[in-house]
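Below is one structure, written out as structure tokens; the observations come after it.
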Amino acid sequence: MRRIDALVLLSTFSHTGLVVAKGLPRGVGPEFAKFFETETGFNCIGNPAITLRPSQINDDSCDCPDGSDEPGTSACAYLDPLSPEQPVRDSLTGTTNTTTSLPGFWCVNQGHIGSYVPFMFVNDGVCDYDLCCDGSEEYAQAGGVQCENRCDAIGKEWRRLEEDRRKSKEKSAKQRRSLVKEAQELRRTVESRITSLKQELEGLEIKKGDLQKKLEEVERSEKGKVVKTEGQGGKLGVLLSMAKKRVSELRDTLDKVLDQRDDLQDRVEQLEDILRKFREEYNPNFNDEGVKAAVKSWEDYAAGTPAEKSELSDADIMEVLKEDSEDSGINWAEFEEEDVASDADIVYNLEAYLPAPVRDYIHAKLNLLRIWLIENGVLADNPTSSGESRLVAAARELLESVKSDFSSKTATLEDQERDLAKDYGPDDIFRALKGKCVSTDVGEYEYELCWIDRTTQKSKKGHGNTSMGNFVKIDTELADEEERADGKGLGKGRRMVLRYDNGQGCWNGPNRRTDVWLACAEKDEVWRVSESEKCVYKMEVGTPAACDDVHEPGVRTKDEL
């Protein structure tokens, strides 16, 4: 059996049950019946001014310039608008370079789908069952060929395949809806994370300013004080040092516990939001006892949530976390000032007790001693000094920690905002597939596609992997392919194309790139990989993400309201 696809048209009239009325000439399609429903004369379809006798219809002589008088013969099969001009005997136009008005010989195909057969196939001695299952195009039995009517069997098989395709389409649509829901949840997670990061950064900005002021105050208060090593000052000094260190450790621990509590509270709020949306969006008519029990448990939980919280307020906790000072917590200076400053005061004011003649000399020597003590870390100095006190070092360390946390969270926020603005296709659907990979074996290579990431050629002989491109953008392009029997093809129409560029360079050629063409399928699957030109690959992939936006049965959309 043969097929010229460019000349084959499937009539929509066959789906409605409309067939050619009795009495019409052989080979007339339903949409052209009106031109032949006459008993007085026939006007050529493309040239209405030319009138023929009814007896001239299907008389195996091409009398109309457009061949419309021979719908049931091959007499006008030579007419072709692409053929070179040449004279034809008895032709009104004098040339074969003419456009035909009829698409072909109409096969009714009762029990299946009616279709047009190219005129050149009529009475050529070949049964074209893929186009004309009733065998009517071989009515003359040329060469003794008799084509039986196989429409019942062919139509039955076609309807079975159509039912399989319908079920597959429904499954694919269901998979797509699941992907969309997952993508939307992932997007909400990113949006929630961005909101949380902005709030955290606002708090860190304030905290950073407060700690900067605190550091400057500590540096000013510590200048000129003698730095004591641990253990100095007797038992009271040791006890004071241990108590201060212990209080600092407890405060740091409390701060960490507060952070953990905030993180857990955020997760609880996210889970409650998910359950709340589940309660609002689930279909109560869907008879699933497990879903109904889950919804009932959520309603009981929500009803039992206390209206007021009785735990310790954040303000109380933040008050405890404040640095010790004269106005808050323990004023350690009351216990340290006398011991720390007294020695320095005696040294620096020693010159006041000396006679005037030697005062200048001693003053110069004491200044040299001060410089020596600062340089050797005995006395505290400015923030860049290597001998700063423990209090200054702790204040500086805390400030640097907050600065580092602020910088890290700022970078994370920028990444999240870029991700939110990124094109993930219709309904953000590829957000649910990002990072997942699918592959296929072709000869000595395995080709791998990682969604919104990269394409790779892997050698089965241990020669390593070759980058075929990195994801750049989502595009669309027109596909023009015949439908495949197994459904694993691009077909005709607009298709999504994922562009992957800047892969590994070819020897003596450009960098590799891949165009990933997508078509609707029940699952992610690489169908075919070809090299359309040097280092330019075409990958045909089936995925639910490429299916039409089909809404769940029974669920009304906004446009339907």
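We number each residue from 1, following the sequence as shown.
Side-chain N or O atoms of Glu414 include none that pairs as donor or acceptor with a backbone N or O of Arg418 at under 3.5 Å. Remark: side-chain polar atoms of Arg512 are paired, donor with acceptor, to backbone N or O of Gly505 under 3.5 angstrom. Side-chain atoms of Ser404 never come within 3.5 Å of backbone atoms of Glu400 as a donor-acceptor pair (strictly under, hydrogens ignored). Listed for the Arg150 side chain is no donor-acceptor partner under 3.5 Å among the backbone atoms of Gly155. A donor-acceptor pair under 3.5 Å is absent between the side-chain atoms of Asp164 and the main chain of Arg159, judged by distance alone. Looking at Ser172, its side chain does come within 3.5 Å of a backbone N or O of Ser168 through a donor-acceptor pair. Panel note: side chain Thr410, backbone Phe406; a donor-acceptor pair is recorded below 3.5 Å. Although no hydrogens or angles enter the test, the distance criterion places no donor-acceptor pair under 3.5 Å between the side chain of Asp427 and the main chain of Ile429.
Shown here is Lys256, whose NZ atom has no more than 12 heavy atoms of other residues, nucleotides or ligands within 6.0 Å.
Of all heavy-atom pairs spanning Pro30 and Trp106, the tightest one is CD-CE2, 3.5 Å. Nearest heavy-atom pair, Gly487 versus Trp527, reported as atom, atom and distance to 0.1 Å: O-CH2, 4.0 Å. Nearest heavy-atom pair, Met468 versus Thr456, reported as atom, atom and distance to 0.1 Å: SD-C, 3.6 Å. Summarising the geometry of Gly489 relative to Arg484, their closest heavy-atom pair is CA-CD, 3.8 Å, with the distance given to 0.1 Å. Pairing each heavy atom of Lys492 with each of Glu483, the nearest pair is N-OE2, 4.4 Å. Residue Leu518 comes nearest to Ala546 through the heavy atom pair CB-CB, 3.8 Å, listed as atom of the first residue, atom of the second, then distance.
Counted by atom type alone, Glu200 and Ser196 present one or more donor-acceptor pairs between their side chains at under 3.5 Å.
Taking a cutoff of 4.0 Å between a charged side-chain nitrogen and a carboxylate oxygen, Arg187 and Glu191 qualify as a salt bridge. Taking the charged nitrogens against the carboxylate oxygens, Asp515 and Arg495 have no contact shorter than 4.0 Å, which rules out a salt bridge. Using a 4.0 Å cut-off between charged side-chain N and carboxylate O, Glu481 and Lys538 make a salt bridge. The pair Glu157-Arg160 counts as a salt bridge, with a side-chain nitrogen and a carboxylate oxygen less than 4.0 angstrom apart. In summary, Arg188 and Glu185 engage in a salt bridge, as defined by a charged side-chain N under 4.0 Å from a carboxylate O. Checked for salt-bridge contact, Lys422 and Asp419 miss the test: no charged N lies under 4.0 Å from a carboxylate O. With respect to Glu216 and Lys213, no salt bridge is recorded, no charged nitrogen being found less than 4.0 Å from a carboxylate O.
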Exercise for the section: Decide yes or no on side-chain contact (heavy atoms from CB on, under 4.5 Å) for Thr440 and Glu446, but give the supporting numbers first. Expected result: CA-CA 6 Å; Thr440 188; Glu446 175 188 358; over 6 Å; no
Practice task
Check the pair Lys167, Glu170 against salt bridge (Lys or Arg N to Asp or Glu O under 4.0 Å), reporting the backbone distance first and the verdict last.
Solution key: CA-CA 5 Å; Lys167 291 180 179 179; Glu170 289 181 356; over 6 Å; no
Practice task
Could you walk me through whether Lys198 and Glu417 pass side-chain contact (heavy atoms from CB on, under 4.5 Å), step by step?
Solution key: CA-CA 11 Å; Lys198 288 181 177 179; Glu417 288 178 333; 3.5 Å; yes
Problem - From CA spacing to verdict: side-chain contact (heavy atoms from CB on, under 4.5 Å), Glu205, Glu202 - result: CA-CA 5 Å; Glu205 186 71 46; Glu202 289 177 0; 5.7 Å; no
Problem - Audit row: Tyr129, Asn109, side chain to side chain donor-acceptor pair (under 3.5 Å) steps and yes/no - result: CA-CA 10 Å; Tyr129 286 119; Asn109 294 338; over 6 Å; no
Practice task
Mind running disulfide (SG to SG under 2.5 Å) on Cys437 and Cys450 for me, showing each step along the way?
Solution key: CA-CA 4 Å; Cys437 302; Cys450 291; 2.0 Å; yes
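Between atom CG of residue Asp210 and atom NZ of residue Lys207 there is a gap of 10.0 Å, rounded to the nearest 0.5 Å. Interatomic distance, Asp405 CG to Lys208 NZ, rounded to the nearest 0.5 Å: 11.0 Å. Rounded to the nearest 0.5 angstrom, Lys171 NZ and Cys547 SG are separated by 13.0 Å. From Thr543, atom OG1 reaches atom CD of Glu525 across 10.5 Å, with rounding to the nearest 0.5 Å. In this structure, Asn470 CG and Thr514 OG1 are separated by 9.5 Å, a value rounded to the nearest 0.5 Å. Put simply, CD on Glu31 and CG on Leu102 are 9.5 Å apart, with the number rounded to the nearest 0.5 Å.
Contact of the Lys409 side chain with the Leu204 side chain is registered, since non-hydrogen atoms from C-beta on lie closer than 4.5 Å. Tyr537 places none of its side-chain heavy atoms less than 4.5 Å from the side chain of Val516. Residues Asp548 and Cys520 are not in side-chain contact: their nearest non-hydrogen atoms beyond the backbone lie 4.5 Å or more apart. You'll find the side chain of Glu444 reaches within 4.5 Å of the side chain of Lys461, heavy atoms only. In this structure the side chain of Val541 never reaches within 4.5 angstrom of the side chain of Asp524, judged on heavy atoms. A heavy-atom distance below 4.5 Å is not found between the side chains of Asn465 and Gln457. Inter-residue side-chain proximity for Leu179 and Pro544 is flagged as met; some heavy-atom pair is nearer than 4.5 Å. For the pair Asp501 and Asn511, the minimum side-chain heavy-atom distance is 4.5 Å or more.
Ring pair Trp158/His112 is perpendicular by interplanar angle, where above 60° counts as perpendicular and below 30° as parallel.
Applying side-chain contact (heavy atoms from CB on, under 4.5 Å) to Val526 and the options Glu448, Met539, Glu540 leaves one that passes, Met539.
Geometrically, Lys460 does not engage Tyr445 in a cation-pi contact, judged by NZ or CZ lying under 6.0 Å from the ring centre and within 45° of the ring axis.
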Please list, one pair per line, the donor and acceptor atoms closer than 3.5 Å that link side chains of residues 471-479 to other protein atoms, with sequence neighbours excluded.
residue: Asp475; atom: OD2; partner: Arg499; partner atom: NE; Å: 3.4
residue: Asp475; atom: OD2; partner: Arg499; partner atom: NH2; Å: 3.2
residue: Glu477; atom: OE1; partner: Arg499; partner atom: NH2; Å: 2.8

